[in-house]
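Notes follow once the structure below has been shown.
Below, all heavy atoms of this structure are taken into account, side chains as well, without hydrogens, waters or symmetry copies. What you are looking at is a predicted structure, and each value in this text was computed from that prediction instead of being measured.
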Amino acid sequence: LGVGHIVWLPLIPWLWTRLDQLEPAGLLGYWIIAVMLVNSLSLIIDAVDVFRYARGEREPYVVVAD
C-alpha cells in the first residue's frame, strides 16, 4: 500500500514553489502548509513500510488473540 503514495512525491515540491504566490497570512497558505506536512509524514511512514516489506518483514503489526 505504501508504494501507491509515490504520486504524492512530486506534489510536495510543487506546492512548496507555490507558497510565495499566496497571501502571507491567508487561510489557503496555512492549508497548503498543513497538506505538505501531513503528506511528508505519510511519505516517510510509507517509505519505512516499503523498506521493511522489501527486507522481508511481512508479519502483521497486531496479533489478534483467539
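Contact detail for T17 and Q21: the closest heavy-atom pair is O-NE2, 4.5 Å. Here the closest heavy-atom approach between residue P10 and residue P13 is recorded as O-CD, 3.4 Å.
Under the 4.5 Å side-chain contact rule for hydrophobic residues, W14 and M36 share a cluster. Cluster annotation: V35 and L22 are assigned to the same hydrophobic cluster (Ile/Leu/Val/Met/Phe/Trp/Tyr, side-chain heavy-atom contacts under 4.5 Å, transitive). Taking hydrophobic clusters as Ile, Leu, Val, Met, Phe, Trp and Tyr residues chained together by side-chain heavy-atom distances below 4.5 Å, V3 does not share a cluster with V7. Put simply, I33 and L27 are part of two different groups of oily side chains (I, L, V, M, F, W, Y) that touch within less than 4.5 Å, one to the next. In this structure, V38 is not a member of the same hydrophobic cluster as L11, with clusters built from ILVMFWY side-chain heavy atoms closer than 4.5 Å.
Within a 6.0 Å sphere centred on CG of L41, heavy atoms belonging to other residues, nucleotides or ligands number more than 12.
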Which side-chain N or O atoms in residues 45-56 pair as donor and acceptor under 3.5 Å with protein atoms at least two apart or in another chain?
| unit_1 | atom_1 | unit_2 | atom_2 | d |
| --- | --- | --- | --- | --- |
| D46 | OD2 | H5 | ND1 | 2.4 |
| D49 | OD1 | Y61 | OH | 3.2 |
| R52 | NE | E57 | OE1 | 2.9 |
| R52 | NH2 | E57 | OE1 | 2.9 |
| Y53 | OH | R58 | NE | 3.3 |
| R55 | NH2 | E57 | OE2 | 2.8 |

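Here the straight-line distance linking atom CD1 of I32 with atom CD1 of I12 works out to 13.0 Å at 0.5 Å rounding. Here the straight-line distance linking atom CG of L43 with atom CD1 of I6 works out to 7.5 Å at 0.5 Å rounding. Rounding to the nearest 0.5 Å gives a distance of 12.0 Å between CG of L15 and CH2 of W8.
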